[in-house]
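Small disclaimer: the values here were computed from a predicted structure and weren't measured. Counting starts at 1 for both ligands and their atoms, in listed order.
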Amino acid sequence: MSKPLEKVAVVGTGILGAQIAMLAVHAGYRVKIFDPREEAFIETYNKIQGDLKAKDMTPFIPWEDWEACEQAIQKTTELGEAVKDAELVIEAVPENLDLKRQVFRELGQKAPPGAILATNSSSMPVSKFEENSGRPERCLNIHFYFPLQGINMVDIMGGTKTLPEVMQKGIEWIRSIGCIPLTVKKEILGFCFNRVWRAIKREVLYMWGNGFVDFRDVDRAWMIFTGMKEGPFALMDKVGLDVIHDIEMVYYRDSNDPRDKPPDALLEVIKRGDLGVKSGKGFYTYPDPEFMRADFINPKG
Ligand SMILES: NC(=O)c1ccc[n+]([C@@H]2O[C@H](COP(=O)([O-])OP(=O)(O)OC[C@H]3O[C@@H](n4cnc5c(N)ncnc54)[C@H](O)[C@@H]3O)[C@@H](O)[C@H]2O)c1
């Protein structure tokens, strides 16, 4: 697959940024990364590796290539150094509008004028912070799911001024790293597939949070129905319950519809420090969650 550009920078290397960096370097891009927590990339790398191995899953990047990819990624301790010659910068910093604005402002100052600036935000259209960059015509949403696990579709959506050639380059870049672009033709909260996933999340959180059902039954049903190895609650644990709450609040603030408000029960779980896989406990307890046990689908008694 031909490459539409050569140099990529990833800013913020938690759960998503680390995966984006791995995919890009594996596809032959020169990749530089920046995170204020220097250890963030390697921690995430180890965590994802452990999770995939525990679930006996085949990773998107063959195991034998992981170490070489990890070593080929250029780790920097300064944002300016990471982005100074990048042609495409993808930010994957936490889902907070003020932070996204600040990061886009810095990227506008530190990345070359021709660089494309993309956000991996799960819920915010880039139009909310494109102006902060000073180059809204080169800004867009490029939203990944969990590519190292093979969930390799990627939403791509322009802002209010994105040039058609910038969209086209983004689409080509997504294809070049082995992913499937889902092109959103006009701005909508939730992009393409993320909006479908969000509708599922809202319903299952409502049913659990208001005491209608046990979350395990929802996951069981989902696993039987789809053939997947995990249900919506296990998936939310993986994303991080704090991240899920932040995303749901974005939809709620946008609509002002009380039915969009995440249940108080979710906030209580988060306040206890139960954030999902990353804290060792969420809906399930890790590293040996109930849903991975042989008798989970059809427990005795
Ligand atoms: N978790 C998911 O499954 C998922 C899926 C799709 C998209 N996203 C989106 O990706 C983004 C990141 O989410 P995540 O789950 O990877 O979060 P995360 O908390 O795992 O990682 C965020 C990283 O950003 C770093 N960071 C904080 N401030 C920074 C700054 N100013 N500059 C650079 N790095 C900074 C943190 O140290 C951390 O390592 C969010 O916008 C989220 O909506 C997440």
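A side-chain N or O of D260 and one of S255 form a donor-acceptor pair less than 3.5 Å apart. T13 and Y45 share no side-chain donor-acceptor pair at under 3.5 Å.
For ligand 1, the atoms sitting less than 4.0 Å from at least one non-hydrogen atom of F144 are 5 (C), 6 (C), 7 (C), numbered in the order shown with element in parentheses. Numbered from 1 in the order shown, with element, the atoms of ligand 1 that lie under 4.0 Å from a heavy atom of K100 read 40 (C), 41 (O). Below 4.0 Å from some heavy atom of A40 lie the following atoms of ligand 1, by number and element: 39 (O). Heavy-atom proximity to F34, at under 4.0 Å, picks out these atoms of ligand 1: 32 (N), 33 (C).
Between F233 and F283, the ring planes are perpendicular. Angles over 60° get that label, and only those under 30° would be called parallel.
Around the CD atom of E67, the shell of radius 6.0 Å holds no more than 12 heavy atoms that belong to other residues, nucleotides or ligands.
Not one N or O of P36 is nearer than 3.5 Å to an N or O of ligand 1, by distance alone. Checking only distances, E95 does come within under 3.5 Å of ligand 1, N or O to N or O. On a distance-only criterion, N120 and ligand 1 share at least one N/O pair closer than 3.5 Å. Of the polar atoms of I15, at least one N or O is found under 3.5 Å from an N or O of ligand 1, judged by distance alone. Inclusion of Y145 in the set of residues having an N or O under 3.5 Å from an N or O of ligand 1 is not warranted.
Considering each of S121, G12, A92, the one bringing a non-hydrogen atom nearest atom 22 (C) of ligand 1 is A92.
Within the structure, the closest approach of T44 to ligand 1 does not fall below 4.0 Å when heavy atoms are considered.
In this structure, atom 17 (O) of ligand 1 is not in close contact with the protein, since no protein heavy atom lies within 4.0 Å of it. Distance screen at 4.0 Å: atom 10 (O) of ligand 1 has a protein heavy-atom neighbour inside the cut-off.
The closest protein non-hydrogen atom to atom 2 (C) of ligand 1 is L16 CD2, 3.3 Å. P94 CG, 4.6 Å is the protein heavy atom nearest to atom 19 (O) of ligand 1. Looking only at protein heavy atoms, the nearest one to atom 31 (N) of ligand 1 is L99 CD1, 3.7 Å. Looking only at heavy atoms of the protein, atom 39 (O) of ligand 1 is closest to D35 OD2, 2.6 Å. At the top of the distance list for atom 21 (O) of ligand 1, counting protein heavy atoms only, stands G14 CA, 3.2 Å.
When all heavy atoms of G158 and E187 are compared, the pair lying nearest together is O-OE1, 3.9 Å.
Judged as a ring pair (Phe, Tyr, Trp, His ring centres under 6.0 Å), the pairs with a partner in residues 122-142 (not counting sequence neighbours) are, in order, F104-F129.
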Can R293 and D288 be said to form a salt bridge (Lys or Arg N to Asp or Glu O under 4.0 Å), step by step? CA-CA 8 Å; R293 295 186 196 148; D288 177 31; 3.5 Å; yes

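With hydrogens and angles disregarded, no donor-acceptor distance shorter than 3.5 Å links the side chain of R30 to the backbone of A72.
Of all the heavy atoms of S122, the ones lying under 4.0 Å from any atom of ligand 1 are found in both the backbone and the side chain. In E91, neither the side chain nor the backbone holds a heavy atom less than 4.0 Å from any atom of ligand 1. By the criterion of a heavy-atom distance under 4.0 Å, the side chain of H143, and not its backbone, is placed next to ligand 1. Of the heavy atoms in T119, none comes closer than 4.0 Å to ligand 1.
Looking at E130, E137, E131 one by one, the single match for salt bridge (Lys or Arg N to Asp or Glu O under 4.0 Å) with K161 turns out to be E131. Here the options are R202, R198, K261, the test is side-chain hydrogen bond (donor to acceptor under 3.5 Å, both in side chains), and the partner is E248; only R198 passes. A side chain to side chain contact (heavy atoms under 4.5 Å, CB included) with P59 is found for exactly one of D65, I48, L148, L52, namely L52.
Every residue two or more places apart in sequence or in another chain that forms a side chain to side chain contact (heavy atoms under 4.5 Å, CB included) with E78 is listed here: E81.
Between D242 and K278 there is a salt bridge, since a side-chain N of the basic residue sits under 4.0 Å from a carboxylate O of the acidic one.
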